[in-house]
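Worksheet for the structure shown next.
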Amino acid sequence: MAQVSIVMGSDSDMPVMAKAADILEQLGISYEMRIISAHREPDVFFDYAKTAEERGIQVVIAGAGMAAHLPGMCAAIFPMPVIGIPMHTTSLGGRDSLYSIVQMPSGIPVATVAIGGGVNAGLLAARILAVSDTALRERLKAYAAEMKEGVEKKDARLQETGYQNY
């Protein structure tokens, strides 16, 4: 049974949403992934959001560009945490998506990551789940240690070769 639902309004969002899925897979978290347009198929969207809790979903990661109603509408219906990923847009560079997701009305919170922030959305979902899952918390600590080691290796290479030969 999936713990996290990743939902996007269009397949053009897939490269960013796939980064969230990759992190969830790396950390051993079950998820589902859907393409649902809140505007073009509202009946499908409402069914998806209304049944998420009974399907065992604990966190929703919703990505959207332009008007970006998908994360906000998920948060209006789904009673658990929703993480919004603003998508980069050609017209306004994603600022339109960012403002639409982060400026939710009082009482309808959406945690918002950076424009195109699929990795951080996956990590934030994992951290939310880790509140009640000590094994997952340990996997997150190991992930952080791997990142630290990666930086240390890069610095060692820089110190050894100098920036000219890096």
Check: Which atom pair, heavy atoms only, marks the closest approach of R40 to P42?
Finding: C-CD, 3.6 Å
Next item on the list: Calculate, to the nearest 0.5 Å, the distance between atoms CG and CG belonging to L24 and L123 respectively.
Entry: 8.5 Å
Check: Would you say M147 and V113 are hydrophobically clustered, going by side-chain heavy atoms of ILVMFWY under 4.5 Å?
Finding: yes
Check: So, does T161 use its side chain to make a donor-acceptor pair with the main chain of R157 at under 3.5 Å?
Finding: yes
Check: Ion pair present between K141 and E138, side-chain N to carboxylate O less than 4.0 angstrom?
Finding: yes
Checklist line | Donor-acceptor under 3.5 Å (S37 side chain, G9 main chain) | finding: no
Check: Between A64 and D13, which heavy-atom pair has the shortest distance, and what is it?
Finding: CA-OD2, 4.5 Å
Note to self: Quick check for you: to the nearest 0.5 Å, what is the distance between L158 atom CG and Y163 atom OH?
What the structure shows: 10.5 Å
Note to self: Distance check, rounded to the nearest 0.5 Å: Q3 atom CD versus M80 atom CE?
What the structure shows: 10.5 Å
Checklist line | Worked check of side chain to side chain contact (heavy atoms under 4.5 Å, CB included) between K50 and F78 | finding: CA-CA 6 Å; K50 285 182 179 181; F78 179 65; over 6 Å; no
Next item on the list: Would you mind reporting whether P79 and E53 have side-chain heavy atoms less than 4.5 Å apart?
Entry: yes
Checklist line | Side-chain donor or acceptor of R55 paired with backbone N/O of Y48 under 3.5 Å | finding: yes
Notebook entry, point to check: How long is the span from the CG atom in L70 to the CE atom in M8, to the nearest 0.5 Å?
Noted result: 9.5 Å
Notebook entry, point to check: Any chance CD of E160 has more than 12 other-residue heavy atoms, nucleotides or ligands included, within less than 6.0 Å?
Noted result: no
Check: What closest approach, in Å, do I108 and G72 show between heavy atoms, and which atom pair accounts for it?
Finding: CG2-O, 3.9 Å
Item checked: Where M1 and S30 come nearest, the two heavy atoms and their spacing -> O-OG, 2.8 Å
Check: Heavy atoms, side chains only, cut-off 4.5 Å: are E152 and D155 in contact?
Finding: no
Note to self: Any non-hydrogen side-chain atom of M87 less than 4.5 Å from a side-chain atom of I115?
What the structure shows: no
Margin query: Same cluster or not: Y31 versus I128, using hydrophobic residues (I, L, V, M, F, W, Y) connected whenever any side-chain heavy atoms lie under 4.5 Å apart?
Written below: yes
Next item on the list: Following the transitive rule for hydrophobic clusters with a side-chain heavy-atom cut-off under 4.5 Å over Ile, Leu, Val, Met, Phe, Trp and Tyr, establish whether M17 and V4 coincide in one cluster.
Entry: yes
Margin query: Can you tell me if M66 has over 12 outside heavy atoms packed within less than 6.0 Å of its CE?
Written below: no
Checklist line | D22 side chain to Q26 side chain, donor-acceptor N/O pair below 3.5 angstrom | finding: no
Margin query: Within the 4.5 Å heavy-atom criterion, are F46 and M73 side-chain neighbours or not?
Written below: yes
Notebook entry, point to check: In terms of hydrophobic clustering (I, L, V, M, F, W, Y; side-chain heavy atoms under 4.5 Å; direct or indirect links), are L27 and L124 co-clustered?
Noted result: yes
Check: Pick from V7, D11, I6: which one makes a side chain to side chain contact (heavy atoms under 4.5 Å, CB included) with I35?
Finding: D11
Note to self: How close do G94 and P86 get, counting heavy atoms only, and between which atoms?
What the structure shows: O-CB, 4.4 Å
Note to self: Is the shortest side-chain heavy-atom distance between R95 and Y99 below 4.5 Å?
What the structure shows: yes
Next item on the list: Could you tell me whether a side-chain N or O of T89 sits under 3.5 Å from a main-chain N or O of G65, the two making a donor and an acceptor?
Entry: no
Check: Which distance, rounded to the nearest 0.5 Å, do you find between the CD1 of I29 and the CZ of R139?
Finding: 6.5 Å
Next item on the list: Determine whether I83 and V60 make a side-chain contact, defined as any pair of heavy atoms from C-beta on separated by less than 4.5 Å.
Entry: no
Margin query: Between T112 (side chain only) and V110 (backbone N and O only), is there a donor and an acceptor less than 3.5 Å apart?
Written below: yes
Item checked: Heavy-atom check, side chain of R137 versus side chain of T134, under 4.5 Å -> yes
Check: What distance do C74 atom SG and I57 atom CD1 have between them, rounded to the nearest 0.5 Å?
Finding: 11.0 Å
Next item on the list: Sort out for me which residue in E32, R34, Q58 forms a side chain to side chain donor-acceptor pair (under 3.5 Å) with S5.
Entry: E32
Notebook entry, point to check: Of the non-hydrogen atoms in G84 and I101, which two are nearest, and what is the gap between them?
Noted result: CA-CG2, 4.0 Å
Checklist line | Flag side-chain contact, heavy atom, 4.5 Å: I77 against F45 | finding: yes
Margin query: Starting from V82, can I reach V44 by hopping between I/L/V/M/F/W/Y residues whose side chains sit under 4.5 Å apart?
Written below: yes
